[in-house]
2 protein chains.
Amino acid sequence: MEYKPLYTQIRDQLVRRLVEGEWSPGMLIPSEMELARQMGVSQGTVRKALDVMTAENLLIRRQGKGTFVAQPEDSRILFQFFRLVPDNGQPDFPRSEVLSRTSSSATPAEADDLEIGAGDSVWRIERLRHLAEERILVETIVLPTERFPDFPEAEDMPNNIYQLFSARWRITIAQAEERIKAVAATSADAALLGCAKNWPLLRIHRVAKDLENKPVELRVSRCLTDNIHYAVNLR
Amino acid sequence: MEYKPLYTQIRDQLVRRLVEGEWSPGMLIPSEMELARQMGVSQGTVRKALDVMTAENLLIRRQGKGTFVAQPEDSRILFQFFRLVPDNGQPDFPRSEVLSRTSSSATPAEADDLEIGAGDSVWRIERLRHLAEERILVETIVLPTERFPDFPEAEDMPNNIYQLFSARWRITIAQAEERIKAVAATSADAALLGCAKNWPLLRIHRVAKDLENKPVELRVSRCLTDNIHYAVNLR
DNA sequence: CAGTGGTCTAGACCACAAC
DNA sequence: TTGTGGTCTAGACCACTGC
């Protein structure tokens, strides 16, 4: 019972040090040898823990240079959470236009997704996103007020909102679960996206989680997929 | 240039032995020690190769028992290529009803996806699939005749068509790429699915590839997502 | 009990980057 | 040249399985 290999214990200790802010995104962490000395295990065990964390996209290792904390700007993980690509052409990152930011209370469904109490205070952000001058999606982002104090005063929201989470609240998005459906455009969405009412849209319901696997963000996107698609690789 | 670590060379040799049918799905392969002796490397190098193949879902390892070739029926990989789950309730495997099987020639787009010549002969299968008595999707499967001789004489198609590929033509589906869009139901699809014309459907365009990464199957599914969704986990 | 994979260690050498 | 991660080896012990 409860048996955990040494390397996963080492991994958990290292994640703990990340969560507590000992190392920030982009920083060089100590070498394998140094960590092995600090933690009293062999270099091979540290290596296995680091390999696991690299597979989890938490670290980036460079031969000859060292091991670095991954950051949302790293090209390797830029598209980790953005799977919409043009049917013809290269993947590109969309620019965003904030339509509104309001404070309200969580619906029961939202509270369930975010694992907070029904009626708890949340921020609600509406964004319209463009890819190469085309409107491609409108999305609603719901954030628990408790995890994101002072949100309205935040500087202008960057394209990649997870950069802001990281820089301002030290929150790293490590994982997300998406549920995808096809839905008919509402009048409101149709007006924003410039399509006909009832036009088929891809609805992406995302719950994003932090390093400790606790839900941090709920996001529902409605996408026009006339010239783009959602790409998935099954292995 | 062209440098490949020893363990990837070992992995490639083992995949070769799989492709050539030395070991069949479900079979026990030799132990790490035995393979190390056969191939003239250390047990650790074999282990790394086996770990890679396990991560690729090609092998299943059981402590105390040995290493086995993965088979399409293994519960772990049953849902590897089927991501549609009910909004409420447990994942389940759909039953299938074949609507038609015909022989025709590949359109240019199909030929491109399958990496065959335009106009090459293909089989075309239409299926309607049900989940818990509900019609959930209609799909068109396109297979190159060259890879699947005698297809029409094949015994009744099982629910899981990849079992048939494996058992009858020794073809293992190792990977698939899916492109997802929202589309409006055509009259034909609406009639088959029992929904209104122009009702929003999830369109899944899949190219499935074998162990050597060559395209084997093209499949386009149109799904009713009123009570189910397509689940994705981003890490 | 013997045999398997799983973990852990220790040390060697290689490839790469920075100085 | 020095230090890093990447690969490879060899051997020890543990946990699980089946006899």
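On a predicted model such as this, the values are computed, not experimentally measured, just so you know. First the proteins, then the strands, lettered A, B, ... as listed; each starts at 1.
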- Query: Which residue pairs pass the salt bridge (charged side-chain N to carboxylate O under 4.0 Å, His left out) test with at least one member in residues 18-31 of chain A, sequence neighbours excluded?
  - Reply: A/Arg16-A/Glu20, A/Arg17-A/Glu22
Would you say [Y] and [X] are linked by a side-chain donor-acceptor pair, where the criterion is simply a distance under 3.5 Å?
X: B/Thr140; Y: B/Arg127; value: no
X: B/Arg62; Y: B/Thr67; value: no
X: B/Gln38; Y: B/Glu34; value: yes

- Determine: side-chain N/O of B/Thr67 to OP1/OP2 of C/dG5, distance under 4.0 Å, yes or no. yes
- Query: Which of these, A/Ile161, A/Val207, A/Ile171, sits in a side chain to side chain contact (heavy atoms under 4.5 Å, CB included) with A/Glu217?
  - Reply: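 Among A/Ile161, A/Val207, A/Ile171, the one that satisfies the side chain to side chain contact (heavy atoms under 4.5 Å, CB included) with A/Glu217 is A/Ile161.
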- Note on the structure: Which of A/Glu139, A/Glu178, A/Glu177 passes salt bridge (Lys or Arg N to Asp or Glu O under 4.0 Å) with A/Arg206? It is A/Glu178
Identify which nucleotide among [options] has an atom closest to any side-chain atom of [X], counting heavy atoms from C-beta outward.
X: B/Arg61; options: D/dT9, C/dC8, C/dG6; answer: C/dG6
X: A/Ser42; options: D/dG5, D/dC8, C/dC8; answer: C/dC8
X: B/Leu6; options: D/dT4, D/dT9, C/dT9; answer: D/dT9

Dump every N/O contact between nucleotides 11-17 of chain D and the protein below 3.5 Å, one line per pair.
unit_1	atom_1	unit_2	atom_2	d
D/dC16	O4'	B/Gln63	OE1	2.9

- Just jot down the ring pair (Phe, Tyr, Trp, His ring centres under 6.0 Å) partners of A/Phe165, sequence neighbours excluded, or say none. A/Phe148, A/Tyr162
For [X] and [N], what is the distance between atoms [atom1] and [atom2] respectively, to the nearest whole Å?
X: B/Arg37; N: D/dA10; atom1: CZ; atom2: C1'; answer: 17 Å
X: A/Met39; N: C/dT9; atom1: CE; atom2: P; answer: 12 Å
X: A/Leu28; N: C/dC16; atom1: CG; atom2: C1'; answer: 15 Å
X: B/Glu32; N: D/dC8; atom1: CD; atom2: P; answer: 16 Å
X: A/Glu34; N: D/dG3; atom1: CD; atom2: P; answer: 13 Å
X: A/Met33; N: D/dG6; atom1: CE; atom2: P; answer: 14 Å
X: A/Phe68; N: C/dA17; atom1: CZ; atom2: C1'; answer: 10 Å

- Query: What pairs with B/Asn88 under side-chain contact (heavy atoms from CB on, under 4.5 Å), at least two apart in sequence or on another chain?
  - Reply: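 Checked B/Asn88 against side-chain contact (heavy atoms from CB on, under 4.5 Å); zero matches.
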- Taking for each residue the nucleotide of DNA chain C with the nearest heavy atom, is it A/Val41 or B/Pro30 whose nucleotide lies nearer the 5' end? B/Pro30
- Item | For A/Asn160, side chain to side chain donor-acceptor pair (under 3.5 Å) partners two or more places apart | none
- Task: Could you check which residues of residues 48-60 of chain B get a heavy atom under 4.0 Å from DNA chain D? Sort them by number, please.
- Result: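 Within this stretch, B/Lys48 sit under 4.0 Å of the strand.
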